[in-house]
Amino acid sequence: MNYYEVEFELKPLMPAREVLLVELAERGFESFVETEQGIKAYIPEKDFSDMMLVDLAVEDMEDQEFSFCKTLIADQNWNAEWEKNFDPIIVDDKCLIRAPFHYDLPSYPFEIIIEPKMSFGTGHHATTHLVVSAMLNFDFKEKVVLDMGCGTGILAILAQMLGAKQTDAIDIDEWSYENTLENVERNGVKDITTILGGAEAIPTGKQYDVILANINRNILVRDMHLYNEALTAGGSIFFSGFYTYDKPEIDQRATSFGWKLTGEQSRNEWCMLHYQKG
């Protein structure tokens with residue numbers, strides 16, 4: 001399959017890069033590589049149109065300069081492309097996230113090996129980092145977990161490493177579905193069921209002690225009633241994928257279900273909220 005690569009140069013780099021990443025993901029771009037100058041975004045040739053690059057939010061950001069160029073790339077070894085750009089990540093001095101080609105690294109209590117391919121969720125993005133950090137300080141022992149929008153499967157894998165009884169990992173993107181299957185096997189974890197689909201694919205009648213949903217504001221708000229139905233009384237839900245200024249909208253919707261906000265973190269203007277169901 002041929003892909004378009006759109007390379008953006010941003011001055012200043014932050015927070016424009018984070019804003020652009022989420023906006024491009026919402027417009028259909030499948031994967032991203034962060035560069036020193038900005039970001040490279042990838043999308044299948046058949047799904048691309050020039051209109052996807054019109055009216056980007058960075059255009060309206062004060063004192064923001066940006067430019068981009070697009071290149072059609074023939075089918076190639078995407079793993080080799082990722083190898084040039086994927087650096088190891090350490091979260092809270094407890095969890096090392098690395099690729100299979102990273103060697104001779106210090107040991108940490110938890111080590112997750114991720115071959116990202118074209119999926120989202122290597123730990124580089126602030127939202128993934130926030131959820132991983134929150135998970136490291138939560139008791140997952142014998143919990144039944146849902147990882148909604150699993151991407152590379154990193155959160156589902158960590159949940160099992162932290163003692164979860166069983167985890168369902170769901171993603172609407174076929175790349176992510178296949179990548180999660182591979183990464184689960186690569187890390188030698190058990191009791192993870194990978195499901196292709198959106199929130200409608202949550203198994204009917206199944207109840208979860210913990211839900212992890214790192215997606216985006218609009219989808220979280222739209223599907224929150226489904227999460228409420230699937231979450232056990234007293235269960236916990238970790239939301240991320242949105243900015244700090246989106247918190248009021250998320251919080252208003254969450255509290256309408258009687259959920260209590262029990263934790264909050266932010267990083268580079270991104271937000272993570274932890275709720276408990278009453």
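Starting from 1, each residue takes its place in the sequence as its number.
- Side-chain N/O atoms of Glu5 and Tyr42 include a donor and acceptor closer than 3.5 Å.
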Side chain to side chain contact (heavy atoms under 4.5 Å, CB included) between Thr180 and Asp171, intermediate numbers included: CA-CA 9 Å; Thr180 294; Asp171 204 293; 5.9 Å; no

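- Under a 4.0 Å N-O distance rule, the pair Lys165/Asp209 does not qualify as a salt bridge.
- Cluster membership for Tyr227 and Leu273, using ILVMFWY side-chain heavy atoms within less than 4.5 angstrom, is shared.
- Atom CE of Met14 has more than 12 heavy atoms from other residues, nucleotides or ligands within 6.0 Å.
- A centroid separation of less than 6.0 Å is found between the aromatic rings of Phe138 and Phe238.
- In this structure, Met135 and Val210 have side chains that are not in contact, with every pair of non-hydrogen atoms separated by 4.5 Å or more.
- No side-chain heavy atom of Val58 sits less than 4.5 Å from a side-chain heavy atom of Phe8.
- With a 6.0 Å radius and a threshold of 12 heavy atoms from other residues, nucleotides or ligands, Glu200 has its CD atom above the threshold.
- Each of Thr167, Val132, Val145 was compared with Leu155 under the side-chain contact (heavy atoms from CB on, under 4.5 Å) criterion, and only Val132 meets it.
- Between the side chain of Arg267 and the backbone N or O of Ala126 there is no donor-acceptor pair closer than 3.5 Å.
- Remark: Glu185 CD is loosely packed, at most 12 non-hydrogen atoms of other residues, nucleotides or ligands lying under 6.0 Å away.
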Glu111 vs Arg98, side chain to side chain contact (heavy atoms under 4.5 Å, CB included): CA-CA, chis, key distance, verdict: CA-CA 8 Å; Glu111 179 177 314; Arg98 68 173 181 88; 2.7 Å; yes

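- Remark: aromatic rings of Phe242 and Trp270 are distant, center separation not under 6.0 Å.
- The aromatic rings of Trp259 and Phe239 lie tilted to each other, with the angle between the two planes from 30° to 60°.
- Heavy atoms from other residues, nucleotides or ligands lying under 6.0 Å from NZ of Lys260 number 12 at most.
- Taking 4.5 Å as the limit, every side-chain heavy atom of Thr71 sits out of range of all side-chain heavy atoms of Glu7.
- No side-chain heavy atom of Tyr243 sits under 4.5 Å from any side-chain heavy atom of Arg217.
- Residues Tyr4 and Ser49 form no side-chain contact, since every pair of their non-hydrogen atoms from C-beta on lies 4.5 Å or further apart.
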Test log, rule side chain to side chain contact (heavy atoms under 4.5 Å, CB included), inputs Arg253 and His225: CA-CA 9 Å; Arg253 180 69 165 154; His225 67 290; 4.1 Å; yes

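- Across Leu96, Asn183, Ile157, a single residue satisfies side-chain contact (heavy atoms from CB on, under 4.5 Å) together with Ile112, and that is Ile157.
- Counting heavy atoms from C-beta on, the side chains of Lys277 and Thr232 never come closer than 4.5 Å.
- The residue from Ile202, Ile237, Leu220 that alone fulfils the side-chain contact (heavy atoms from CB on, under 4.5 Å) condition with Met148 is Ile202.
- Counting heavy atoms from C-beta on, the side chains of Asp168 and Lys206 come closer than 4.5 Å.
- The same ILVMFWY cluster, assembled from side-chain heavy atoms under 4.5 Å apart, contains both Val91 and Met161.
- With hydrophobic clusters built from ILVMFWY side chains whose heavy atoms lie under 4.5 angstrom apart, Tyr208 does not share a cluster with Leu212.
- Annotation: Glu59, atom CD; neighbour count of heavy atoms from other residues, nucleotides and ligands within 6.0 Å is above 12.
- Contact annotation: the side chain of Gln64 approaches that of Pro12 to within less than 4.5 Å [non-hydrogen atoms, C-beta and beyond].
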Audit row: Lys94, Asn137, side chain to side chain contact (heavy atoms under 4.5 Å, CB included) steps and yes/no: CA-CA 10 Å; Lys94 295 180 182 178; Asn137 294 285; 3.4 Å; yes

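- Between the OG1 atom in Thr255 and the OH atom in Tyr275 there is a gap of 7.0 Å [rounded to 0.5 Å].
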